2 protein chains.
Amino acid sequence: MRNTLRAESGVRYLSEEQRADPLFTNSIARAMQVLAAFHHADHPLSLAEIATRAGVDRSAAQRIVHTLRTMGYITRDAEDRGFLPGIRILDHTLDYLRLNPLIQRATPVILELRRNVRERVDLSLFDGQRVVYAARMQSKRETFYATLVGHSVPTFCSSGGWAILARLEDEAVRAIVDASNRQPFTPRTLTDPEEIMAEVEATRARGYSIAVEQILLGEVAIGVAVTGPQGRPVAAIHVAGSLAEWTAEDFSTRVAPLALEAARAISQI
Amino acid sequence: MRNTLRAESGVRYLSEEQRADPLFTNSIARAMQVLAAFHHADHPLSLAEIATRAGVDRSAAQRIVHTLRTMGYITRDAEDRGFLPGIRILDHTLDYLRLNPLIQRATPVILELRRNVRERVDLSLFDGQRVVYAARMQSKRETFYATLVGHSVPTFCSSGGWAILARLEDEAVRAIVDASNRQPFTPRTLTDPEEIMAEVEATRARGYSIAVEQILLGEVAIGVAVTGPQGRPVAAIHVAGSLAEWTAEDFSTRVAPLALEAARAISQI
DNA sequence: ATTTAGTGTATTGTCAGGCGATACGCTTGC
DNA sequence: GCAAGCGTATCGCCTGACAATACACTAAAT
């Protein structure tokens, strides 16, 4: 738990701790930084780009990329124009998903839920300032991006995030909201901490959250928290529908009871 | 391309090449071996288990796990009983999926296909002796395992694998089939190389494959190859249905034209 | 045509820093 | 109660990762 801060930040690692922590192996950190160089890339990267994004020099990038490439974690682009993450990554994805007990329990339940509500159902995992989609059960129309495992959205403005925050102490909520980079996604995205706190309060009262056009225009989503040991929130179920078909009220009265039931089935204690 | 052999094998790395290749960084390889220690695990691993599975000594395992843990690639189990892959893995999953141009092109197409056929549709990527599921569009009933990205099935006995093999030279097919560990999944799984070659030949003739109960009893699947640059097979679309609802013939006459059309839309050249 | 900036790759001596043996404090289950 | 297992901490040695440098090649820009 104490180490998650570095992990939650999402991008930067390596600091003066390298000096402080004799067990921390820098060459591994550098290798992972090279893999993480792809995080905000939108095209194949050259060796030089990898070097700067990863914060290592050209030589290091060369050696590390070479090593990761012979192992299949990095590949050459099809047209030989740069480097891309390799298929070996997916082996580890599978390990993560398979071995995560929460996902094991949740999968059949949210499939059932999806069958009943016939809208998009997601399971997202709480990871500090963000929630990460781990299972996505798509409905009729979808965008490309929305279908990808590993996609994440901020905790402070997502239905699942609110549901999770509602299960935390006020000060913990505050800490997360304050630490978040509250860039609005739509004109209706709440960014004011007070408004967000009020929304969290409303979520506490009714037991689930209702997010209207927080991430995507035209979308209403309801979120329900999933709890783990000691009743702590560890994940959330989202159900998302279109405002072209539903009012927010109709949507929540129809979907919320089913989602709450599903969350209870997955939660521990 | 020359390096893929080591990657394709899927599990073992590190050999005498460490001596031969001055650019290959062993400490990175060891770190990735530690992550790969989870590949066939079915429970949280202890440090000692990680050490033996990764083929490193206890001290190395300690240091590497410590490093990967502070970065979020490995976590402690919820009940503190062992180590598990960490959520940071999913960040790289997203990078892989996002940046893979094939998956970018394929996603909307197979969503559309799924909508039309109303059966399970998968996109799997060719990776030597196996094909790896990269996108799964589930239908009504599903098992847990079947829904996971990163899951792979052998090339030699899957509908998608046959479709891919049909686009390769006979000798390349032979090489893959011979190199495969041909453990049958069901009593009907084809394991005899000659029978497999015949199936590949039939697939060439009709343009798509029909796999009846090769992986799962009660399941029929049709496979269509997706080609990349120079017309080489890089992936396959699978559509799977239940033998309780369909005969193999009815299923393929209904589904194959749509799947072929989808594959053409994704393929290059 | 010739330059220039950019690729990716190959080589090498030096010395940081990763290595692994060993010891410790804890929990768990005979 | 002991023993076996767990995860953690320490530390001197010497390997092997490091960074500087050079090179072959391509593709724009002069």
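The chains referred to below are lettered A, B, ... by the order of the sequence lines, with proteins before strands, and numbering in each begins at 1. Keep in mind that what you see is a predicted model, and the values were worked out from it rather than measured.
Looking only at distances, a side-chain donor or acceptor of A:T155 sits under 3.5 Å from a matching main-chain atom of A:Q129.
Checking B:S27 against A:E49, the closest nucleotide of DNA chain C that is more toward the 5' end is the one next to A:E49. Positionally, the nearest nucleotide of DNA chain D for B:G82 lies more toward the 5' end than for the other of B:G82 and A:L23.
Under the side-chain contact (heavy atoms from CB on, under 4.5 Å) criterion, A:V109 pairs with A:A262, A:A265, A:I266, sequence neighbours left out. Legend: residues meeting side-chain contact (heavy atoms from CB on, under 4.5 Å) with A:A48, ordered by chain and number and at least two apart, are A:S46, A:R58. Applying the salt bridge (Lys or Arg N to Asp or Glu O under 4.0 Å) test to B:E49 and every residue at least two apart in sequence or in another chain returns nothing. Not a single salt bridge (Lys or Arg N to Asp or Glu O under 4.0 Å) links A:D77 to another residue, sequence neighbours left out. Legend: residues meeting salt bridge (Lys or Arg N to Asp or Glu O under 4.0 Å) with B:R81, ordered by chain and number and at least two apart, are absent. The salt bridge (Lys or Arg N to Asp or Glu O under 4.0 Å) test applied to B:D57 returns no partner, not counting sequence neighbours. Residues satisfying the side-chain contact (heavy atoms from CB on, under 4.5 Å) criterion with B:A37, sequence neighbours excluded, are B:L45, B:I50, B:R53, B:A54.
Between A:N26 and C:dG17 there is no side-chain N or O to OP1 or OP2 distance below 4.0 Å. Within the structure, a side-chain polar atom (N or O) of A:R69 is placed less than 4.0 Å from OP1 or OP2 of C:dT9.
Taking atom CD1 on B:I28 and atom C1' on C:dG17, their separation rounds to 15 Å, with Å as the unit. Whole-Å rounding puts the A:L45 CG to C:dT7 C1' distance at 14 Å. Distance CG (A:L47) to C1' (D:dT26): 16 Å, rounded to an integer number of Å. For B:Q33 and C:dG18, the CD to C1' distance is 16 Å, given to the nearest whole Å. A straight line from CZ of B:F24 to C1' of C:dT11 spans 19 Å, rounded to a whole angstrom. D:dT26 atom C1' lies 16 Å from atom CD of A:E79, rounded to whole Å. The nearest whole Å value for the distance from the NE2 atom in A:H66 to the C1' atom in C:dG8 is 12 Å. Rounded to an integer number of Å, the gap from CG of B:D77 to P of D:dC6 is 15 Å.
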Sugar-phosphate atoms are those with a prime plus P, OP1 and OP2; base atoms are the rest. Using that split, label each nucleotide of nucleotides 21-30 of chain C B, S or - for protein heavy atoms under 4.0 Å, 5' to 3'.
BB--------
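Scanning atom types as modelled, one donor and one acceptor separated by under 3.5 angstrom connect the side chain of B:R63 and the base of C:dG20.
In the set D:dG7, C:dC19, D:dC18, C:dC19 carries the atom at the smallest distance from any side-chain atom of B:R30.
Helix-axis bend for the helix from C:dT2-D:dA29 to C:dG29-D:dC2: the local axis fitted to the five terminal pairs at one end deviates from that at the other end by 50°, rounded to 10°.
The aromatic rings of B:H151 and B:Y133 sit parallel to each other, their planes meeting at less than 30°, with 60° as the upper class boundary.
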